[in-house]
2 protein chains.
Amino acid sequence: MYDISIQKKMEEGTIKFYSYLKGSFIDFIEIAKGKNMTTKRELPACPVEITMMLISDKWKVLILRDLLNGTLRFSELRRSVGNVSQKVLTSNLRQMERDGLVHREVYPEVPPRVEYSLTEVGESLRPIIDAMKTWGNHYRNEHEF
Amino acid sequence: MYDISIQKKMEEGTIKFYSYLKGSFIDFIEIAKGKNMTTKRELPACPVEITMMLISDKWKVLILRDLLNGTLRFSELRRSVGNVSQKVLTSNLRQMERDGLVHREVYPEVPPRVEYSLTEVGESLRPIIDAMKTWGNHYRNEHEF
DNA sequence: CAGTATCCGGAGGGATACTG
DNA sequence: CAGTATCCCTCCGGATACTG
């Protein structure tokens, strides 16, 4: 289910950090279980780090920003997020799906249609995005010239 | 003052995105001026992207988290941030300094002492970090097992 | 349309050694 | 103590081609 190579790196004791910042949260939990560790201990003590674990990736915040306005198809999301390749967008969406932030609904039609929306957990990130929006606006006003 | 290599890449027309997500904000402005562009146009229209521009980097949020509690010396910051190399921490701090988020105070002593603190602009990011803290705590409570 | 598969360059991070 | 200076190499992300 999860990437063996990551587990390998975990076992080598070098990749806790990798998993923390770059890997999937679910992966992280599963691996911890495999090692018979209390998963709770594996959660970063700092809540800020927990949040970073899930949305520090390059495009995830922008994906959230756009999905907070409602469900979007893959191609719509790609356009609204900006200059991102399919591969990278897909990869980010898959991680967010596994992390429980995004819901992926496939409609078996021709041509296929896939709609992305936020789960409740994903929705609950709205205050963070809002804070960023507020700050960004404030910052721009101060740097207007 | 700013990295020529980045400017070079800008001129090659491939690096607007790089500068946006990975480079320094100040670099971005300077380069825009050099190209006789209205810098305002160069600012992302979306306030969320402006924010991302400044703190999307791996360690910057953690640096903010720690400096929000007060001034820290380099070594103290290194310890409190976690597993980060000198090179990377220095690099992040230099960027944040140029972006106007962090103040660097050098005391000409032996051994040398360098203290880092937040500027007013850096301080103003507190609501975002707080939102992350709140969300992370909430998330952990829901995933307690 | 919404992907997967593959290749590839280079940014960026770790490790180590050195210095004012 | 708080950094630079190198070396080295992972691996992220872009481009392209292909498919159900």
Side-chain angles (χ1 to χ4, degrees), chain A residues 3 5-6 8-10 12-24 27 56-60 62-63 71-97 102 104-117, chain B residues 3-10 12-24 27 56-60 62-63 71-97 102 104-117:
Chain A
D3 188 353
S5 69
I6 293 180
K8 186 161 179 295
K9 286 171 188 167
M10 282 291 289
E12 286 164 359
T14 60
I15 212 55
K16 183 172 172 183
F17 172 70
Y18 168 86
S19 183
Y20 149 47
L21 273 176
K22 290 294 179 192
S24 157
D27 284 352
S56 71
D57 267 83
K58 228 177 164 181
W59 297 100
K60 290 185 179 175
L62 301 184
I63 292 171
T71 299
L72 289 175
R73 300 183 59 167
F74 183 82
S75 53
E76 294 172 330
L77 195 51
R78 188 153 139 66
R79 245 174 289 123
S80 69
V81 162
N83 189 5
V84 62
S85 66
Q86 307 95 314
K87 193 184 81 171
V88 174
L89 180 57
T90 301
S91 157
N92 274 273
L93 286 169
R94 290 288 183 282
Q95 284 180 38
M96 293 173 80
E97 191 187 357
V102 161
R104 178 167 177 269
E105 187 75 36
V106 182
Y107 297 89
E109 308 170 353
V110 177
R113 180 162 55 105
V114 180
E115 290 188 347
Y116 292 93
S117 57
Chain B
D3 189 353
I4 297 299
S5 69
I6 293 179
Q7 184 183 28
K8 184 162 180 297
K9 286 171 189 168
M10 280 290 289
E12 285 164 0
T14 60
I15 212 56
K16 183 172 173 182
F17 173 70
Y18 168 87
S19 182
Y20 150 47
L21 273 176
K22 291 293 180 194
S24 157
D27 283 351
S56 72
D57 267 85
K58 230 178 164 181
W59 298 101
K60 289 186 180 176
L62 301 184
I63 293 171
T71 299
L72 288 175
R73 300 183 59 168
F74 182 81
S75 54
E76 293 172 329
L77 195 50
R78 187 153 139 67
R79 244 173 289 124
S80 70
V81 161
N83 189 4
V84 62
S85 65
Q86 308 94 315
K87 194 182 80 171
V88 174
L89 181 56
T90 301
S91 156
N92 274 274
L93 285 168
R94 289 289 183 282
Q95 284 180 38
M96 294 173 80
E97 192 187 355
V102 161
R104 180 168 176 267
E105 187 76 35
V106 182
Y107 297 88
E109 307 170 354
V110 178
R113 180 163 55 104
V114 180
E115 291 187 347
Y116 291 93
S117 56

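The structure displayed is predicted, hence computed values, not measured ones. Quick note on labels: first sequence line is chain A, next is B, and so on, each numbered from 1.
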Quick one: is B:Thr90 getting a side-chain N or O under 4.0 Å of the D:dG3 phosphate, OP1 or OP2?
-> no

Under 4.0 Å between a side-chain N/O of A:Tyr116 and OP1 or OP2 of C:dG3, yes or no?
-> yes

Under 4.0 Å between a side-chain N/O of B:Arg73 and OP1 or OP2 of D:dA2, yes or no?
-> yes

Going by heavy atoms closer than 4.0 Å, what residues in residues 104-111 of chain B are next to DNA chain D?
-> B:Arg104, B:Pro111

Find the distance B:Asn92:CG to C:dG12:P and express it as a whole number of Å.
-> 10 Å

Look at the side chain of B:Lys87 against the base of C:dG14 and say whether a donor-acceptor pair falls under 3.5 Å; ignore hydrogens and angles.
-> yes

CD1 on A:Ile63 to CG on A:Asn92, rounded to 0.5 Å | 4.5 Å

Separation of A:Thr71 OG1 from A:Leu77 CG (nearest 0.5 Å) | 10.5 Å

To the side chain of A:Phe74, which of C:dA2, D:dG3, D:dA15 is closest?
-> C:dA2

Within a strict 4.5 Å, meaning less than it, do heavy atoms of the B:Val84 and B:Leu62 side chains meet?
-> no

Now, which nucleotide makes the Watson-Crick or G-U wobble pair with D:dA5, with each of the two distances under 3.5 Å?
-> C:dT16

Of C:dG14, D:dT16, C:dC1, the nucleotide closest to the side chain of A:Pro112 is C:dC1

Atom-to-atom span, CD of B:Glu97 to C1' of D:dA2 - whole angstrom | 14 Å

Please give, in whole Å, the distance from D:dC1 P to B:Glu115 CD?
-> 15 Å

Calculate the interatomic distance between A:Arg78 atom CZ and C:dG3 atom P; express it in whole Å.
-> 11 Å

Atom pair OG1 (A:Thr90) and CD (A:Glu97), whose distance is rounded to the nearest 0.5 Å = 11.0 Å

Grab the CG-P distance between A:Leu89 and C:dA2 for me, whole Å please.
-> 11 Å

Give the nucleotide from the list C:dT4, D:dT4, D:dA2 with an atom nearest to the side chain of B:Val114.
-> D:dA2

Nearest of C:dG3, C:dG14, D:dT4 to any side-chain atom of B:Ser85?
-> C:dG14

For the student: nearest non-hydrogen atoms of B:Gln95 and B:Lys60, plus distance | OE1-NZ, 3.0 Å

Do you know which of B:Glu76, B:Arg73, B:Arg104 makes side chain to side chain contact (heavy atoms under 4.5 Å, CB included) with B:Tyr116?
-> B:Arg104

Ranking C:dA2, C:dG13, C:dG3 by distance to the side chain of A:Arg94, first place goes to C:dG3

Quick one: are A:Leu93 and A:Phe74 in side-chain contact, heavy atoms under 4.5 Å?
-> yes

Using whole Å, report how far NZ of B:Lys60 lies from P of C:dG13.
-> 10 Å

Give the minimum heavy-atom separation between A:Glu115 and A:Arg113, together with the two atoms involved.
-> OE2-NH1, 3.0 Å

For atom CD of A:Gln86 and atom P of C:dT6, their distance in whole Å = 16 Å

Between C:dG3 (P) and A:Glu76 (CD): distance, integer Å | 13 Å

